[in-house]
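FYI, the numbering just counts along the sequence from 1.
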Amino acid sequence: IVRPDIGEQYETDAALTLRRLLQDTFSVEIPLENDYVKRGETYDPERKEILVGLTNREESKTGYENLGKDDYRFYASENKIALCAGSERAMLQAVEAFFAQFADTAAGTFILPVACDVKGAFEYRSKAEYVGETFEVKLSDKNLGGGQFITKLYTEGLGRAPEGSEYAAL
């Protein structure tokens, strides 16, 4: 997995998220590197790489062509797959969509395509988005509290109800 040496923090976070997903799901350790190349040298175009964000590889540049602010794309050509996104939230969905597209957790496989061009756009998952604000919810609150609220928080992120041990983590 290759991320930009000089890029946005969300690109690094997305690369770490993808690495963690692969590691946790398939028990495989995949190196995470940046795209730095010494002056006078070039990267190996034959090396198989998953590129996350706008790296110095041609596949990243191609993947970012005509990409809107909330769009994402994963583009594969030969030995490189580029995960591209126009924003932080689109990048997170790009990682999720990429993993969902190529991971077969039941079979324990992750099959990468030789060529693909998948485009998508960030979709809001709820009616409201709270940015830069915090609020307190007590479990005894009749409107927001209790297990229903906690379950909703988890299911929107995990796609399932939390286990008992996960409640304790809160």
Side-chain angles (χ1 to χ4, degrees), residues 1-127 129 131 153-162 166:
I1 299 174
V2 178
R3 64 167 181 83
D5 180 40
I6 300 172
E8 301 293 335
Q9 181 61 45
Y10 72 81
E11 293 170 316
T12 299
D13 293 344
L16 288 166
T17 298
L18 178 59
R19 181 175 185 240
R20 189 171 37 254
L21 275 170
L22 293 169
Q23 184 175 349
D24 291 350
T25 305
F26 301 109
S27 299
V28 61
E29 188 77 27
I30 296 179
L32 176 61
E33 303 171 359
N34 64 48
D35 65 352
Y36 175 77
V37 179
K38 290 181 183 177
R39 189 177 305 229
E41 295 182 9
T42 60
Y43 67 89
D44 181 0
E46 299 300 315
R47 184 173 180 221
K48 293 181 180 357
E49 296 175 325
I50 300 173
L51 311 172
V52 179
L54 185 55
T55 70
N56 61 6
R57 312 300 201 250
E58 288 304 315
E59 292 81 2
S60 285
K61 294 172 187 167
T62 300
Y64 272 90
E65 290 175 1
N66 302 316
L67 199 65
K69 180 182 177 205
D70 284 334
D71 295 341
Y72 67 83
R73 179 180 185 190
F74 32 102
Y75 171 80
S77 173
E78 301 282 326
N79 298 313
K80 312 275 188 240
I81 298 175
L83 276 72
C84 310
S87 66
E88 180 175 0
R89 57 189 177 203
M91 181 59 81
L92 179 59
Q93 281 197 343
V95 170
E96 291 173 355
F98 178 74
F99 188 80
Q101 180 89 22
F102 302 113
D104 184 345
T105 55
T109 60
F110 191 80
I111 299 173
L112 297 175
V114 174
C116 77
D117 192 357
V118 177
K119 297 176 185 174
F122 171 79
E123 296 176 12
Y124 288 94
R125 295 184 179 160
S126 63
K127 293 180 182 176
E129 180 175 286
V131 179
L153 288 175
Y154 269 88
T155 54
E156 286 189 358
L158 296 175
R160 62 174 173 76
E166 293 172 309

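A donor-acceptor pair under 3.5 Å is absent between the side-chain atoms of Tyr75 and the main chain of Ile81, judged by distance alone. The backbone N or O of Asn56 lies less than 3.5 Å from no partner atom in the side chain of Ser60, so there is not a single donor-acceptor pair. Side-chain N or O atoms of Arg73 include one that pairs as donor or acceptor with a backbone N or O of Thr62 at under 3.5 Å. Of the possible donor and acceptor atoms, none in the side chain of Glu8 sits under 3.5 Å from a partner among the backbone N and O of Glu88. Arg89 contributes no side-chain N or O that, together with a main-chain N or O of Asp70, makes up a donor-acceptor pair within less than 3.5 Å. In this structure a side-chain-to-backbone donor-acceptor pair under 3.5 Å is present from Ser87 to Lys69. A donor-acceptor pair under 3.5 Å is formed between the side chain of Lys80 and the backbone N or O of Arg47. With hydrogens and angles ignored, the 3.5 Å screen pairs no side-chain donor or acceptor of Asp5 with any backbone N or O of Asn34.
Contact of the Lys119 side chain with the Asp71 side chain is not registered, since no non-hydrogen atoms from C-beta on lie closer than 4.5 Å. At a threshold of 4.5 Å between non-hydrogen side-chain atoms, the residues Ile111 and Asp104 do not count as touching. Using a 4.5 Å heavy-atom threshold, the side chains of Val37 and Arg57 count as touching. Considering only heavy atoms from C-beta on, Ile50 stays 4.5 Å or farther from Ile30 through its side chain.
Aromatic ring centres of Phe110 and Phe98: separated by under 6.0 Å.
Expressed to the nearest 0.5 Å, how far CG of Leu21 lies from CZ of Arg19 amounts to 12.5 Å. One finds the OG1 atom of Thr55 at 7.5 Å from the CD atom of Glu49 (value rounded to the nearest 0.5 Å). Separation of atoms CD (Glu11) and SG (Cys84) is listed at 9.5 Å; rounding is to 0.5 Å. To the nearest 0.5 Å, atom OG1 of residue Thr17 and atom CD1 of residue Ile1 are 10.0 Å apart. With values rounded to the nearest 0.5 angstrom, Asp35 atom CG is found 8.5 Å from Leu54 atom CG.
Pairing each heavy atom of Phe26 with each of Gly108, the nearest pair is CE2-C, 3.4 Å. In plain terms, the two heavy atoms of Tyr72 and Ala90 that are nearest each other are CB-O, 3.6 Å. Here the shortest heavy-atom pairing between Ala15 and Leu32 reads CB-CD1, 3.6 Å.
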- Query: When you look at Phe99 and Leu22, which way does the side-chain contact (heavy atoms from CB on, under 4.5 Å) test go after all the steps?
  - Reply: CA-CA 8 Å; Phe99 188 80; Leu22 293 169; 3.9 Å; yes
- Task: Would you check, one step at a time, whether the test side-chain contact (heavy atoms from CB on, under 4.5 Å) holds for Leu51 with Glu58?
- Result: CA-CA 10 Å; Leu51 311 172; Glu58 288 304 315; over 6 Å; no
- Query: So Met91 and Val52, side-chain contact (heavy atoms from CB on, under 4.5 Å) or not? Walk me through it.
  - Reply: CA-CA 9 Å; Met91 181 59 81; Val52 179; 4.2 Å; yes
- Steps toward side-chain contact (heavy atoms from CB on, under 4.5 Å) verdict (Val2, Tyr43): CA-CA 11 Å; Val2 178; Tyr43 67 89; over 6 Å; no
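Residue Gln23 places its CD atom among more than 12 non-hydrogen atoms of other residues, nucleotides or ligands, all under 6.0 Å distant.
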